[in-house]
Structures are given as C-alpha cells and as structure tokens.
Amino acid sequence: MFCRVLGVVLCSTALTVYFASHSIGTVVVTTLACSLVLQLGYFASVLFLTWRSGCVSSAGQRAEHFDSCKEVGSEPPDLDEVTNESANLLQRDQMLAISLLLP
C-alpha cells in the first residue's frame, strides 16, 4: 500500500514539475527531494508508532502493578464515593460563585 502511494505521489510530482518547467533536470531533482521527504515522514511515523506502543506497554505494566496493589489490600475509592465527592465539590463551588455575585 505504501509503495503504491509513494509511486503515485512521485509520478504526479514528476509530471506536474515537467509540465510547469519543461526541464528534465528539475524533474529529477524535485522527484528525489520529494522521495526524501516522504521517506523521512515514513521513518518519523514508524518512530512515533514505536514510541506510542512503548507508552501503551508501560501503561499495561502500571495496570499490572495496580492489580498487585489490590492483592496487598490497598484498594482505590469506590466509584460512588468519587462521584459523590465530585458532586459535593461542584455544589460548593457553585455556592461560592453565587455568594461572590451577591452584594
């Protein structure tokens, strides 16, 4: 798939440059430059995907560590407790905002 897209882009670039400049030398230089830019983009995308898979892997390791913490007995707060605490903070912030608006 990548090779097909690369070929289409390079051919279209070469044809466009040739019809614009009518110079074979300019076509060769421009096509080589375009090829270099596309290869650099491909290399950068592979590096990015490798980095991102490493982040996912380390997140998985953190999840495994979290599971081992649960086995020891340190459990995170319940979802209902977190929701209630968030609602209480929101209500307190709203009351504070209203009291600031009143003269």
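For the single chain, residues carry numbers from 1 onward in sequence order.
Under the 4.5 Å side-chain heavy-atom criterion for ILVMFWY residues, no single connected hydrophobic cluster contains both L47 and L49. No chain of hydrophobic side-chain contacts below 4.5 Å, direct or via other Ile, Leu, Val, Met, Phe, Trp or Tyr residues, connects L40 to V5. Hydrophobic clustering of Ile, Leu, Val, Met, Phe, Trp and Tyr side chains at less than 4.5 Å, counting indirect connections, unites V17 with F19.
Considering all non-hydrogen atoms of both residues, C34 and V9 come closest at SG-CG1, 4.1 Å.
Of the options V28, L36, V29, a side chain to side chain contact (heavy atoms under 4.5 Å, CB included) to L32 is made by V28 and by none of the others. When each of T31, T30, V27 is checked for a side chain to side chain contact (heavy atoms under 4.5 Å, CB included) with Y18, only V27 meets the rule.
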